[in-house]
Amino acid sequence: MGIAGSLGKGLTPRLARMAPDLSSRFVHESMRRAVNGVGPLPAAATYADRVLAEERGRVDRAIHEVIEDHVRYAGMQGFATNLGGLVTAAVTIPANITGLALIQCRLVASVAHLRGYDLTDQRVRNAILACILGEDSVRSLVRKKKLPSTPMGMATAPTHDPHLDSVIAAEVTSELLTRVAGKRVATAVGRRIPVVGGVFGASVDAFATWQIGRYADRELLPRTLR
């Protein structure tokens, strides 16, 4: 973990106080909006089917386009919510976290749909959230027995474990807060040059989203719905 990441973990409790409404409940709400659609964003399955049609039924190509689209979305919201430096942090931090949660949930849900998973299945939704944690975090949590398996294992588990819903949502909330805290440390020097924070925020959010998309692509293997 880099210096910014280490300091980010130390700042996470402070950011949580600045964004008190960002409990694990907001993660499930982000998932609901990603799956069902919100505002100008259509439901994940509807969007994914449109991309698949544009790519003439080529699933791998459609997944590539889905990832690229959401990397762009993440970059745009990362720029907008990291302008202004620390002065506007109380407003932009919650917006950055909720924006990332929605975009990344929608990205992984779209990949899951294209691979044949049922987005109404809570096991699949937990697998989607696990993908957002990232491969390294998932491995660590499985090793510590905080998670039962990889995202693929969760999605295909024989039964749904309701306790896992709250556990994984809490981990995602903590991870998102830590990532944003790390960005705030790294861009503190740009607090008098707001555009610096915006450009850095866009780059970090876009790259993180690309990594999550690639992880979902590797992890969620094709599945036939019954």
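- T173 contributes a side-chain N or O that, together with a main-chain N or O of A169, makes up a donor-acceptor pair within less than 3.5 Å.
- Applying side chain to side chain donor-acceptor pair (under 3.5 Å) to N126 and the options D165, D121, D161 leaves one that passes, D165.
- For the residue pair H113 / D49, a side-chain donor-acceptor distance below 3.5 Å is found, with atom types taken as modelled.
- Using a 4.0 Å cut-off between a side-chain N of Lys or Arg and a carboxylate O of Asp or Glu, R115 and D217 qualify as a salt bridge.
- Note that CZ of R50 and CD of E54 are 5.0 Å apart. Values are rounded to the nearest 0.5 Å.
- Closest approach of R32 to R125, counting heavy atoms only: CA-NH1, 4.4 Å.
- Looking at L220 and V108, their side chains come closer than 4.5 Å, going by heavy atoms from C-beta outward.
- Both M152 and V172 sit in one connected hydrophobic cluster of ILVMFWY residues. Membership requires side-chain heavy atoms under 4.5 Å apart, directly or through other members.
- Connection of L102 to F207 is not established within any shared hydrophobic cluster, with ILVMFWY side chains joined at heavy-atom distances below 4.5 Å, either directly or through further cluster members.
- Interatomic distance, CD of E65 versus CG of L114, reported as 11.5 Å (0.5 Å rounding).
- The side-chain heavy atoms of M154 and I168, taken from C-beta on, include a pair separated by under 4.5 Å.
- If you chain together hydrophobic residues whose side chains sit under 4.5 Å apart, L41 and V27 never meet in one group.
- One finds the CD atom of E135 at 7.5 Å from the CD atom of E219 (value rounded to the nearest 0.5 Å).
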**OP:** May I have the step-by-step check of salt bridge (Lys or Arg N to Asp or Glu O under 4.0 Å) for E29 and R25, ending in yes or no?
**Re:** CA-CA 6 Å; E29 180 62 18; R25 185 182 303 173; over 6 Å; no
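- The main-chain N or O of P42 is never found under 3.5 Å from a side-chain atom of T46 such that the two would form a donor-acceptor pair.
- The backbone N or O of H163 lies less than 3.5 Å from a partner atom in the side chain of S166, making a donor-acceptor pair.
- I132 is connected to V142 through a chain of hydrophobic side-chain contacts under 4.5 Å among Ile, Leu, Val, Met, Phe, Trp and Tyr, so both are in one cluster.
- For the pairing with T209, the side chain to side chain donor-acceptor pair (under 3.5 Å) check across Q104, R72, H70 returns one residue only, Q104.
- Counting all heavy atoms, side chain and backbone alike, Y215 lies closest to P151 at OH-CD, 3.3 Å.
- Put simply, CD on E171 and CG on L164 are 10.5 Å apart, with the number rounded to the nearest 0.5 Å.
- Both V111 and V59 belong to a single network of hydrophobic side chains, linked directly or stepwise wherever heavy atoms of I, L, V, M, F, W or Y lie under 4.5 Å apart.
- Under the side chain to side chain contact (heavy atoms under 4.5 Å, CB included) rule, L133 has a single partner from L176, I212, L147, which is L147.
- Scanning all heavy atoms of the two residues, the minimum distance from A155 to Y117 falls at CB-CE2, 3.8 Å.
- If you take CD1 on I63 and CD on E55, they are separated by 11.0 Å, rounding to the nearest 0.5 Å.
- For the pair S110 (side chain) and R106 (backbone), a donor-acceptor distance under 3.5 Å is present.
- Residues D69 and V66 are not in side-chain contact: their nearest non-hydrogen atoms beyond the backbone lie 4.5 Å or more apart.
- With R123 contributing its side chain and A157 its backbone, the two residues share a donor-acceptor pair below 3.5 Å.
- Closest heavy-atom contact between A112 and L119: CB-CD2, 4.0 Å.
- Taking each heavy atom of C105 and I128 in turn, the nearest pair found is O-CG2, 3.9 Å.
- Using a 4.5 Å heavy-atom cutoff, the side chains of Q211 and R214 are not in contact.
- With rounding to the nearest 0.5 angstrom, the CG atom of L107 is 11.5 Å from the CG atom of L100.
- Heavy atoms of other residues, nucleotides or ligands lying less than 6.0 angstrom from CZ of R139 number 12 at most.
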